[in-house]
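A note on names: the letters A, B, ... follow the listed sequences, proteins ahead of strands, and every chain is numbered from 1.
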Amino acid sequence: MTPQLTVDEQMEILRRGTLEIVPEDELREKLVKSQKTGVPLRLKLGLDPTAPDIHIGHAVVLRKLRQFQDIGHEVVILIGDFTARIGDPSGRSVTRPLLSSEEIEANARTYADQYCRILDADKTKVLFNSEWLGKLDFADVIRVSAKVTVARVLERDDFANRLSDGRPIGLHEILYPVCQAYDSVALKSDVELGGMDQKFNILMGRDLQRESGQEPQVAMFMPILVGLDGVQKMSKSLGNYVGITEAPNEMFGKLMSIPDDLMPQYFELCTDVPMNEIEDIVYGLSNGKLHPMNIKKRLAREIVAIYHSEESAMEAQLEFEKVFSSGELPTDIPVCNIPTDIMKDGKIWAPKLLTFTGTASSNSDARRLIEQGAVSIDGERISDAGSDITIADGQVLRVGKLKFVKLQIN
RNA sequence: GGGGGGAUUCCCGAGUGGCCAAAGGGAGCAGACUGUAAAUCUGUUGCGGAACGCUUCGGUAGUUCGAAUCUACCUCCCCCCA
């Protein structure tokens with residue numbers, strides 16, 4: 001992109017949205033040195049070999065890496081296939097299922113397809129930590145472990161808490177941070193990015209690099225994006241996410257459903273809107289000069305445009321307004337064939353229509369929806385769950401706010 | 001090695017022989033209200049062509065007219081002591 005930004009300008013870009021840079025002056029020094037020598041910095045991002053669906057929460061870190069790439073630096077995506085066997089003790093205590101090497105490879109490929117939408121593929125490398133961790137023998141493990149003291153490991157919040165609560169800590173879990181730290185040594189990374197939950201592990205990398213005679217990496221901590229519900233972190237399993245491969249209309253709709261007070265955060269972390277403009281927006285919202293809905297539309301447009309295009313973002317907005325503001329039918333309605341043999345005399349039992357079209361999961365579910373007034377055909381509400389209803393070719397069945405099906409009778 | 005506690009519907013969690021398809025909360029869904037939301041209110045959340053019936057409370061086999069509740073065994077989890 002723009003090759004010759006001053007280091008100050010670079011720092012300003014890189015600081016955006018980050019929680020903490022440890023230590024900040026070392027990052028500056030590294031940037032200065034890199035600019036002088038022309039040797040790019042090596043950025044490390046460790047990823048789990050699971051979770052192949054990247055959402056805009058993951059994208060926060062990936063976009064930060066992209067900023068580094070645009071300045072000229074290179075990124076190493078480190079797939080933790082070896083460490084996955086241990087299970088990161090950070091936060092969750094759920095043991096992860098072991099993955100076969102085929103699965104890991106398949107996941108890594110899916111990852112690659114997706115992160116290319118954000119990262120510059122020419123400046124990105126993917127490595128697996130089994131490559132070096134798998135080669136260590138027991139003596140090596142002891143030698144590396146010897147560089148870390150128990151007190152140092154136990155400083156970590158999670159371990160300290162577990163110890164005082166009398167909850168168990170596996171001996172192997174103590175080695176997890178050591179493994180991750182060793183990755184940094186093996187990669188000779190200059191900067192490692194991660195969430196605050198990675199703080200301990202990433203800082204451990206600094207220690208081990210120093211012990212190994214390397215210049216320690218700088219740690220950059222990125223915030224965890226809050227999900228669409230406005231409460232929990234964005235994650236696929238909670239269903240409160242926007243996937244970066246989702247269609248424009250879906251993205252737009254999902255983004256419009258976030259609580260208002262999430263908007264500033266989303267602007268900062270998920271868009272390229274300049275910070276001073278975001279400040280103006282926040283101010284305008286607080287004094288009532290700006291309407292939250294319009295701002296949210298802008299936000300949704302900005303994000304959709306990143307992963308698709310400005311045109312499709314605009315179209316998504318028009319579609320959204322059409323369906324939700326004007327209450328009109330969406331442009332694309334899935335068609336469902338209704339075979340005549342499940343009908344009699346042009347009629348069909350109402351719950352059957354819902355289960356057949358997949359708009360209800362069971363007759364009981366369908367009955368409920370009908371009784372609650374969620375079901376209509378061509379805008380006319382169906383209210384009797386026991387009744388046979390007359391349907392005609394081309395009619396549109398609507399269930400709830402979001403489900404539409406065009407009936408095709410043959 | 002010894003002792004103790006537990007597994008309930010999507011999640012948490014009540015229920016200790018019939019009044020239990022199973023309290024309460026969370027989450028979801030639907031309706032109202034809105035700005036599309038959030039908040040709020042209301043309803044709903046096993047299955048069945050359904051005012052009746054059927055299948056559920058870790059698994060299996062029992063006891064009983066009747067079991068989520070009692071017994072035996074099994075599986076898995078957790079805690080304490082060593």
Between CH2 of A:Trp349 and P of B:G49 the distance, given in whole Å, is 4 Å

What does B:G1 pair with, Watson-Crick or G-U, if both distances are under 3.5 Å? B:C81

Using the C1' atoms only, state how far B:G15 lies from B:G25, rounded to an integer number of Å. 15 Å

Looking only at side-chain N and O atoms, does A:Gln198 offer a donor or acceptor that is under 3.5 Å from a partner on A:Gln180? yes

Can you tell me how far C1' in B:C10 sits from the matching atom in B:G1, rounded to whole Å? 40 Å

Send over the distance from A:Phe324 CZ to B:A38 P, rounded to a whole Å. 12 Å

Salt bridge (Lys or Arg N to Asp or Glu O under 4.0 Å): pairs with one or both residues in residues 380-404 of chain A, sequence neighbours excluded: A:Lys344-A:Asp388

Going by purine N1 to pyrimidine N3 plus the second Watson-Crick contact, or the G-U wobble pair, all under 3.5 Å, which nucleotide sits opposite B:C76? B:G6

Given B:G35, B:G48, B:U36, identify the nucleotide with an atom nearest to the side chain of A:Ser362. B:G48

Mind calculating the distance between CG (A:Asn294) and P (B:A37) to the nearest angstrom? 16 Å

State whether the distance check finds a donor on one side and an acceptor on the other, under 3.5 Å, for side chain A:Ser257 versus base B:A38. no

With rounding to whole Å, what would you report as the distance between B:A82 and B:U16 at their P atoms? 36 Å

Taking for each residue the nucleotide of RNA chain B with the nearest heavy atom, is it A:Lys297 or A:Ile342 whose nucleotide lies nearer the 5' end? A:Lys297

When the distance from CE of A:Met256 to P of B:G35 is rounded to whole Å, what number comes out? 12 Å

Counting Watson-Crick and G-U wobble pairs only, both distances under 3.5 Å, name the nucleotide matched with B:G24, or none. B:C12

Checking B:A37, B:G49, B:C47 against the side chain of A:Asp260 (C-beta onward), the nearest is B:A37

Flag if over 12 foreign heavy atoms under 6.0 Å of NZ, A:Lys406: no

At 4.0 Å (heavy atoms only), tell me whether A:Asn240 reaches a base, stays on the sugar-phosphate, or touches nothing. nothing

Got a list of protein N/O to nucleotides 25-34 of chain B N/O distances below 3.5 Å?
residue	atom	partner	partner atom	Å
B:A30	O2'	A:Gln372	O	3.1

Take atom NZ in A:Lys347; do more than 12 heavy atoms of anything else shown fall under 6.0 Å from it? no

Inspect the surroundings of CD in A:Glu321 and state if more than 12 heavy atoms from other residues, nucleotides or ligands are less than 6.0 Å away. yes

Expressed in whole Å, how much space separates the C1' atoms belonging to B:U75 and B:U60? 10 Å

Does the distance from a Lys or Arg side-chain N to an Asp or Glu carboxylate O, for A:Lys123 and A:Glu74, drop under 4.0 Å? no

How long is the line joining CD1 of A:Ile295 and P of B:A37, in whole Å? 19 Å

Determine the Euclidean distance between corresponding C1' atoms of B:G59 and B:G6; express it in Å to zero decimal places. 16 Å

Is it true that A:Arg63 and A:Asp272 make a salt bridge, defined as a side-chain N closer than 4.0 Å to a carboxylate O? yes

Can you check the A:Met251 CE to B:A37 P distance for me, whole Å? 21 Å

Taking the P atom in each of B:U8 and B:U69, what is the distance between them to the nearest angstrom? 13 Å

Quick check on side chain to side chain contact (heavy atoms under 4.5 Å, CB included): which of A:Leu175, A:Leu187, A:Val144 does A:Tyr182 satisfy it with? A:Val144

B:G24 versus B:C41 - spacing of their P atoms, nearest Å: 16 Å

Length of the CZ-P vector between A:Phe252 and B:A37, whole Å: 14 Å

Residue matched to B:C19 through Watson-Crick or wobble contacts both under 3.5 angstrom: none

For B:G43, give its Watson-Crick or G-U wobble partner with both distances under 3.5 Å, or none. B:C29

Rounded to the nearest Å, what distance is computed from the CZ atom of residue A:Arg367 to the C1' atom of nucleotide B:U45? 16 Å

Are A:Asp140 and A:Arg143 ion-paired here, with the side-chain N under 4.0 Å from a carboxylate O? yes

Between B:C57 and B:A14, how far is it from one C1' atom to the other, in whole Å? 12 Å

Checking N1-N3 plus N6-O4 or O6-N4 for Watson-Crick, or N1-O2 and O6-N3 for wobble, each under 3.5 Å, the partner of B:G66 is none

